[in-house]
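Heads up: the structure comes next, in structure tokens.
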Amino acid sequence: MRLALMADIHANREAFDACLEHAAGQRIDQYMLLGDYVGYGADPGYVVDRIMDLCAKGADAVIGNHDAAISGDTRGMNPIAATAIGWTRDQLNQTHQEFLGGLPYSIDTDGRLFVHAEATDPPRFGYITNTESAARDLHESQANAVFCGHVHMPAIYGITATEKVMRHVPVTGVPVPLPRHRRWLVVLGSVGQPRDGNPDACYGILDTVKCEIIFHRVAYDIEAAAQKILAAGLPDFLATRLFIGR
Amino acid sequence: MKAQGLEQGAVIDGYTIGQRLHQGGMATIWSVTHPDISSPILMKVPNLFEGEDPAAIVSFEMEQMILPRLVGPHVPHFHAAGDFQPQAYIVMERVEGQSLLGMINDLPLPVDQVAALGADIATALDDLHGQHVVHLDVKPSNLMRRPDGRIVLVDFGLSRHDQLPDLMAEEFRLPYGTAPYMAPEQVLGIRNEPRADLFALGVLMYFFATGTRPFGDPQSLNGLKRRIWRDPVPPRTLRPDIPPWFQELVLRCLEVDPDARHPTAAQLAFDLRHPEGVRLTQRATKKKADGFFTALRRRFAGERVRQVRRGAQSNYISSAPIILLALDLSGASDDLTDGLRQTVARLLRAAPASRLACLNVLKLARLAIDRSVDDLGQNKHAQRLGALKRWAAPLNLSEDRLTYHILEAVDPAAAILDYVARNRVDHVVIGARADSTLRTLLGSVSAQVAAHAPCTVTIVRNRAFGQDEGAASAAVS
């Protein structure tokens with residue numbers, strides 16, 4: 001079974017479309033959407049429509065902190081994110097908002113846990129940014145493998161034979177084996193707002209038979225996405241950062 | 001989960017277990033057969049006992065990750081791998097031929113034989129390094145020779161793939177490797193330095209040429225670390241008939257600082273195959289190991305350790321290409337030879353660790369040569385060598401970056417292509433001969449080289465001045 005894993009789309013229509021188009025040629029059996037569909041970008045309505053459509057056709061989706069903020073509060077968010085959420089709320093209709101509000105925090109299948117941020121306490125949306133946070137999360141969670149987003153920078157953490165945690169930054173297009181007898185925590189990169197210095201949209205494909213994951217980077221029309229952010233009156237920074245992937 | 005449950009006749013995933021070929025410390029190797037595979041294959045199964053050293057498991061996992069990604073004649077062909085439940089295994093090609101381990105009964109070996117063997121091993125290592133893998137356990141028992149002479153590297157249990165997670169890195173405090181062959185940086189736990197394999201090859205060549213291991217076979221971490229500050233006895237001191245160039249190359253492999261070794265395995269192979277071009281330094285004439293107090297000072301100054309750590313952070317493959325200049329001396333215009341020189345100079349400047357091989361092909365007639373032609377041939381040889389040297393002189397390259405080669409061949413393009421393949425050349429620079437009846441009839445050498453070379457080819461052609469701009473497009477339309 002081949003799962004396309006997409007996280008942190010952030011209302012970036014061009015990036016999301018480019019990834020879906022790329023994935024269409026990759027024999028995908030199932031789409032797994034890892035949260036933060038809105039916020040920052042200029043096309044929240046379009047993106048949520050597509051997500052709802054994918055889910056109607058069998059995709060699974062979990063909620064991200066930006067999605068939760070639509071119907072909740074924006075406390076704890078930085079001012080730019082909070083501004084974007086305020087704008088986004090006005091762009092989404094009742095159906096969109098109810099859909100986002102109804103998404104689960106995590107999905108657990110066959111020992112694999114899909115979640116937006118940390119696995120141990122999903123509503124807290126903690127960041128997995130280093131081996132310490134990954135170790136904590138892996139040791140406390142029951143899942144064999146955890147797949148999450150939230151950080152916008154791809155990374156793979158694994159528990160080794162002596163219970164230590166190693167970190168690996170995946171290389172684009174090079175499949176990384178995730179043997180079943182070890183435990184793994186995979187942080188997907190971001191579709192709509194990469195921050196690892198590579199502006200191309202990032203998503204992953206998990207092959208559950210071969211037990212390996214591959215990260216793809218997909219070029220998209222950044223210019224168009226950025227122009228729309230500026231036209232919407234959202235903070236300039238949200239547009240300029242797309243060009244440098246930071 | 002237990003390997004000892006296996007026995008002859010058992011079937012795992014379609015593979016029938018045959019004879020046990022080898023019982024090692026970390027794994028057992030069985031001959032196996034499969035109805036769909038006609039070539040000889042073997043199955044490697046890790047030894048998993050309760051309380052077993054986790055290194056056995058981890059190194060098996062590393063091999064399971066790395067081997068399927070490797071291709072080519074210098075590695076065993078991968079067939080299949082089994083997960084740890086119910087039975088971990090790797091099925092791979094059973095390489096025909098012998099490991100080099102048997103050779104250690106006949107040491108010391110003649111230097112020419114060791115150099116040729118070393119060059120073949122370096123070629124195999126270059127191929128591996130190009131596939132993002134450092135072997136980290138180069139030693140006679142992990143090297144096999146195919147019937148056609150090519151070297152196959154086996155056992156990737158300690159290897160490092162620079163695009164895959166390194167399960168070994170975090171795992172163990174003690175460095176893993178084979179004590180006599182381990183590079184200083186490996187002793188310090190650095191696992192991403194391809195030139196560590198050149199160090200191990202240096203140990204092997206030293207051992208094969210002298211019958212003595214340069215650093216013995218230490219059994220403790222302190223004993224292992226000794227090689228960081230204590231240099232080996234020069235091989236010529238043990239065997240005075242070893243030529244200076246061989247000592248030069250072996251001691252360069254054994255440099256503590258990876259930066260002081262050859263920048264790539266391909267460059268080492270090149271030197272081993274062209275001893276006449278090896279630039280001799282004080283390494284070549286060194287008569288004894290450095291004095292006790294020098295070594296002692298090194299040990300306590302700590303500078304060596306910093307040097308190893310600094311040196312082992314290289315941008316290895318791309319920065320040290322072998323550049324081949326194929327120069328046509330028969331009637332090429334001065335403008336063209338100048339153009340070639342400018343192109344080569346630019347390439348050399350861009351990659352300071354690169355080296356240049358200047359080559360000219362002496363075209364032979366198809367028929368056998370009689371004695372008088374042979375004399376003439378000798379003269380031509382010297383004359384062409386002189387011309388190559390004159391061409392290269394304005395580049396002001398140091399001797400260790402420059403070699404000259406005159407090949408004799410009936411078919412110049414084939415000779416150049418053969419040279420490129422054998423010496424793992426990264427970049428060919430060749431001039432385009434001006435339009436001539438000869439080229440029209442025979443097809444140009446540069447076009448054939450560009451079409452068939454397994455690397456970058458730059459064809460240098462002078463811009464035409466004083467011609468009708470429409471002429472070129474008219475010619476192709």
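Just so it is clear: chains get the letters A, B, ... in the order the sequence lines come, proteins before strands, and each one is counted from 1.
- In terms of heavy-atom proximity, B:L167 sits nearest to A:M166 at CD2-SD, 4.3 Å.
- The nearest pair of heavy atoms linking A:H168 to B:L164 is CE1-C, 3.2 Å.
- B:V58 and A:R182 get closest at one heavy-atom pair: CG2-NH2, 3.7 Å.
- A 6.0 Å sphere centred on CZ of B:R69 holds more than 12 heavy atoms belonging to other residues, nucleotides or ligands.
- Residue-environment remark: CD (A:E21) stays at or below the threshold of 12 foreign heavy atoms within 6.0 Å.
- The candidate with the highest count of non-hydrogen atom pairs below 4.5 Å against chain B, out of A:C211, A:P179, A:P175, is A:P175.
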Yes or no on side-chain contact (heavy atoms from CB on, under 4.5 Å) for A:T172 and B:Q163, after CA distance, side-chain angles and deciding distance? CA-CA 9 Å; A:T172 304; B:Q163 299 183 326; over 6 Å; no

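- Only the side chain of A:V174 comes within less than 4.5 Å of a heavy atom of chain B; its backbone N, CA, C and O stay farther away.
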